[in-house]
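Chain letters run A, B, ... following the sequence lines, proteins first and then strands; every chain starts at 1.
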Amino acid sequence: MTIRVYNTLSRKKEDFNPIEPGKVKMYVCGPTVYDYCHIGHARSVVTFDVIARYFRYRGFEVTYVRNFTDVDDKIIRRANETGVDSREISEKFIREFYNDMDALNVGRADFEPKVTEYIEEIKDFVLKLIEKGNAYQTDGDVYYSVESFKEYGKLSGRKLEDMEAGARVDIDERKHNPFDFALWKSSKPGEPAWDSPWGKGRPGWHIECSAMSSKLLGETFDIHGGGKDLIFPHHENEIAQSEGAYEKPFARYWMHNGFININQEKMSKSLGNFLMIKDVLKSYHPETIRVFLLSNHYRSPIDFTDKAMDEASSGLDKIYALLERVETVTGMSPNEGGDPGKSGEYWNRFTEAMDDDFNTAKAIGVLFDAVRNINRTLDENSERLSDALKNTVHSERSDIVKMGRILGIFTESPKVYFEKKKRQGLEEKSIDPAGIDQLVRERSEARKAKNWARADEIRKQLEEMNIVLEDRPEGTVWRIEN
RNA sequence: GGCGGCAUAGCCAAGUGGUAAGGCAGCGGUCUGCAAAACCGCUAUUCACCAGUUCGAAUCUGGUUGCCGCCUCCA
């Protein structure tokens, strides 16, 4: 079974055929580090994290590159606004990026290049484009001539003529065509600058990805990804640069993730509704965020709402509860299972879903099917679980754990997961757990004495505090409702 | 103005020619002192609307309506 990938370039799903059999080389545009990461960054990074994980589990040798843009107008602007050195700003927000992404259990890419580390390569690239007649110098700036690349617009489906009609483009007399873009920008005093044949300056926005990808992955590589908004102009311009310079296809498959809305509104500066990852993490378990993100197909828009997050949270609780149940009933240790050699029915269905353009939404449906099936088996055999059924349960649980490894969830033991969740809920609602425990003890005494009236009274009292009790054979446990 | 996307039950959502996954919520049941959790059953003869292609369409074609994105260095 081959993996199918939706290619923005052809606007179709295609069979994935790597350049080198068994190897995947992918480049994903990372953040410009001038602020904290918002939930939209999380979607992009988590999406491609899962894709890279899945390729690896499917036996591919993956080389994954995700860059940091650490020289950029926005960083400089932030530096000017705050009086902080631009280098300090970029370093700070790279640290913050790692804080957020580590929390979200995002794996590191194989290469995480920064623009400032590739200045020489970038200058060479610009020189090459000038030599080939794709770029021209004017004052201390170098521009790419879009008219020199006859396929300009092939990714975004635009034509230069069409765009000129209604677009609002800055009129710059020095440009041959309004859509020409900067490869190298001369610097003002105090701005980050490097010596170059064109004077002191810095790279333009698009050139870094062309330069770094060719250095790390080659002139042609398999997958190039990023957010939908990057299709134009960023990725269009990368194609113009790289194919202009090397005269061969740049990336074979272009993958773009959709956007996140907040309560049906686009995140925007004017609305001031940018939702930062670090803030979402205050209210929700990181795996809840992953489940939320992966519950929709990566190309569809998704709407971030408290309700959607609560639903994701309930779903995750249900699965962790099942894992805990299996652990209790069969004595299977928390991290046991996930044997890659063995594959059960659910695992097979899961890979079918993932093979189809990484359909994590469908894959999560399979996950819930597996959960229900194990619960059913355990319910129907609550008296005694035969060895044969025990093996079935083990195998199905093993499938679930394997799926979790791809999706980047179930990394905690159920016990720790529920404890963490409880702690977070207590903090948010400022509830004192000792008081709850006291009431629960009192209720247990009442129950022992068959004083049901008192027991129910306490249950009711706790219910009003959003505390739900569960009387299990081994004792009463409580949890906070969302 | 140009380009593109989307419209599936109360809500979220998968499904690109073969007769509607899954989750949340709701109702009924099993279990329970009562609950909770779990499980079982029920909840879209129907996929925005109209026409067409086809033995057969949510899925393809044309049109209509509605929503959204990009064309502003916002993932």
What about [X] and [Y], are their ring centers closer than 6.0 Å?
X      : Y      : answer
A:F68  : A:Y98  : yes
A:F181 : A:H206 : yes
A:Y143 : A:H176 : no

Would you indicate what [X] reaches in the nucleic acid, counting non-hydrogen atoms under 4.0 angstrom: base, sugar-phosphate, or nothing?
X      : value
A:F304 : nothing
A:F181 : nothing
A:R325 : sugar-phosphate
A:R459 : base
A:K185 : base
A:N296 : sugar-phosphate
A:T32  : nothing
A:R66  : nothing

Quiz question: going by heavy-atom distance under 3.5 Å, is there a donor-acceptor pair between the base of [N] and the side chain of [X]?
X      : N     : result
A:D456 : B:G33 : yes
A:D471 : B:C34 : yes
A:R11  : B:G4  : no
A:N375 : B:C39 : no
A:K266 : B:C68 : no

So does [Y] get a backbone contact from the side chain of [X], meaning a donor-acceptor N/O pair under 3.5 Å?
X      : Y      : value
A:R43  : A:L293 : no
A:Y54  : A:T351 : yes
A:D180 : A:V146 : yes

Taking only side-chain nitrogens and oxygens of [X], does any of them come within less than 4.0 Å of OP1 or OP2 of [N]?
X      : N     : answer
A:R372 : B:C39 : no
A:S300 : B:A14 : yes
A:K318 : B:C24 : yes
A:N359 : B:G15 : yes
A:N257 : B:A75 : no

Using whole Å, what does the distance between atom [atom2] of nucleotide [N] and atom [atom1] of [X] come to?
X      : N     : atom1 : atom2 : answer
A:H256 : B:G69 : NE2   : P     : 18 Å
A:L9   : B:G4  : CG    : P     : 14 Å
A:W205 : B:U72 : CH2   : P     : 11 Å
A:I262 : B:C68 : CD1   : P     : 16 Å
A:K362 : B:G15 : NZ    : P     : 7 Å

| query | With a centroid cutoff of 5.5 Å and a plane-angle limit of 30°, would you call A:F368 stacked on B:G22? | reply | no
Between [M] and [N], how far apart are the [atom1] atoms? Round to whole Å, please.
N     : M     : atom1 : result
B:A36 : B:U32 : C1'   : 9 Å
B:G63 : B:G26 : C1'   : 39 Å
B:U30 : B:U45 : P     : 29 Å
B:C6  : B:C31 : P     : 49 Å
B:A20 : B:G62 : C1'   : 26 Å
B:G15 : B:A58 : C1'   : 8 Å
B:C24 : B:C3  : P     : 43 Å

Any strand: nucleotide that pairs with [N] via Watson-Crick or wobble, under 3.5 Å:
N     : result
B:U53 : none
B:C27 : B:G41
B:C6  : B:G66
B:A20 : none
B:A14 : none

| message | Test salt bridge (Lys or Arg N to Asp or Glu O under 4.0 Å) on A:R472 and A:E470; report intermediate values, then the result. | response | CA-CA 6 Å; A:R472 298 187 190 177; A:E470 217 178 297; 3.2 Å; yes
| said: Regarding A:T392 and A:E396, do their side chains bring together a donor and an acceptor under 3.5 Å, going by distance alone? | reply: no
